[in-house]
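Notes to accompany the following structure.
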Amino acid sequence: MTMIQIEHLKKAFGDNEVLKGIDLTIDKSEVVVIMGPSGSGKSTLLRCLNFLEEPTDGIIQIGEYQVHAGGKIDRHRKKVIRELRKKTGFVFQSFNLFPHKTAIENVMEGPIAIHGTKTEEARTIAEALLVKVGLGDRCDHFPAQLSGGQQQRVAIARSLALNPLVMLFDEPTSALDPELVREVLLVIKSLAEEGMTMVIVTHEMNFAKEVADRVVFMDEGIIVEQGTSKDIFLNPKEERTKQFLYKVEAVVTE
Amino acid sequence: MDVTIIIDSLPSLLKATLMTIFLAAISILIALVIGFFTAIIRILKVKVLNEIANTYVSLMRGTPLLVQIFVIYYGLPQIGISLDPISSGVLALSLNAGAYLSESFRASILAVDNGQMEASMSMGMTYPQALKRIILPQSLRIAIPTLSNSFIVLIKDTSLVSVITVTELLQMSSLIIAKTFEPLTIYLVAAAIYWILISFFTKLLDKLEVQSSKYLVR
């Protein structure tokens, strides 16, 4: 069953075309890792999926919600985009937790503001989710009192609180100190095991090998190559993929 | 200096101080509303309204408050709009303060990290929802120091409406001096009352600032 369908998606910032026609279909429960050098358009692609960037051209469908790019910005379109966003959790590189709210209030915010859930019920939902990401004892801490890894796990819980169909991760561990990366990746991995559909932009090669059903390699605004993590890491076909992997691995082996 | 003059005039001066507080309180409330909506209009660049808002802020900041008071009290009756002195004073003060407040609101809303709006929108919040639930509570904290400064300026500016016969603290002082011929004593008492009043509000607003920044402390 198809969960995400992207058809010839284009995005330009002025004259600079960042996405040059992306086609990608992602099945339910599939975990797709997007890799590529910086400036390849991978983050832009992810942001377009949530309309944090308005695409220039193309069609995006997530679940039952389909949006054409470049359409008239009217009430109906805004509403469909909002519905689409409610069904997609977005996890940012910089967490973007609400600093004036405690961890549990951050997680309660979605159910209360979006679903109109009663405070007590929202608290129960939020508590369970914080326990799930291993932060049951940090409910009443403010973001400023938490480590980066803890903040990112709260952010994941916050997204999960809306029962999303899809989770989008935009370099979720890039802003973290090395020793905090693992705790976040473990949470993401546990979501994969539960069958969550996920699109993850990351530089963590080993993680990609471990969890990805499919690895998509992007460069200069197009999808250069895609396949299972074995295909891409052990047997890349395209020259650009080989070069990128060589550069990345080189750092590791030397 | 005659102490009995101070004691005799104090009741009248304190009563007039109530008028000063009344003028400042009403004007700041209206100014907060004006300032907030002007700021939102300017941030969203709402068609037509944005031009009006820009002109309004520019005019208020570019002309003396005393001139604005004269235009409203002495000028408007010529085109059939007569307001009593207190209404004129409140109108002038709140329009003037509103322009300054809109600037501090605008700056403080824009000072909230863009990621906050993105996180709210990506949840599926509407723009007004995100503004109310996420952005404004944070921008208010940023705005408090400039807001309290505006309020203090406003308290002092109420003395200007004495020129259109509103019996606030300064006008009352002048009336008492006309009877007692003790300008130094009475004006010093008036100054002391202003000073105590403003010190009180400064303390109060400082406390509010500390309170609202609690969550930033590690």
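First the proteins, then the strands, lettered A, B, ... as listed; each starts at 1.
- With a 4.5 angstrom heavy-atom cutoff, A:L168 does not touch chain B via any of its atoms.
- Considering all non-hydrogen atoms of both residues, A:R158 and B:A119 come closest at NH2-CB, 3.6 Å.
- Proximity to chain A (any heavy atom under 4.5 Å) is shown, for B:Q116, by both the backbone and the side chain.
- Side-chain atoms of B:E118 do not come within 3.5 Å of backbone N or O of A:N96 as any donor-acceptor pair.
- Note: A:R47 CZ to B:S122 OG = 9.5 Å, rounded to the nearest 0.5 Å.
- Here the side chains of B:T126 and A:K78 are not in contact, with every heavy-atom distance at 4.5 Å or above.
- Pairing each heavy atom of B:R133 with each of A:A113, the nearest pair is NE-CB, 3.4 Å.
- Ranked by heavy-atom pairs shorter than 4.5 Å toward chain B, the options A:G110, A:P164, A:P99 are led by A:P99.
- Annotation: side chain of A:R85 is not in contact with side chain of B:M125 (no heavy-atom distance under 4.5 Å).
- At a 4.5 Å heavy-atom cutoff, the contact between B:D113 and chain A is made by side-chain atoms alone.
- Heavy atoms of A:K87 lying under 4.5 Å from chain B are absent altogether.
- A 4.5 Å side-chain heavy-atom check between B:R141 and A:H100 finds every atom pair outside the cut-off.
- Counting only heavy atoms from C-beta outward, the side chains of A:F98 and B:S120 approach each other to under 4.5 Å.
- Atom-to-atom distance recorded for A:N50:CG and B:M121:CE is 10.5 Å, nearest 0.5 angstrom.
- In this structure, A:R82 and B:G124 approach most closely via the heavy-atom pair CG-O, 2.9 Å.
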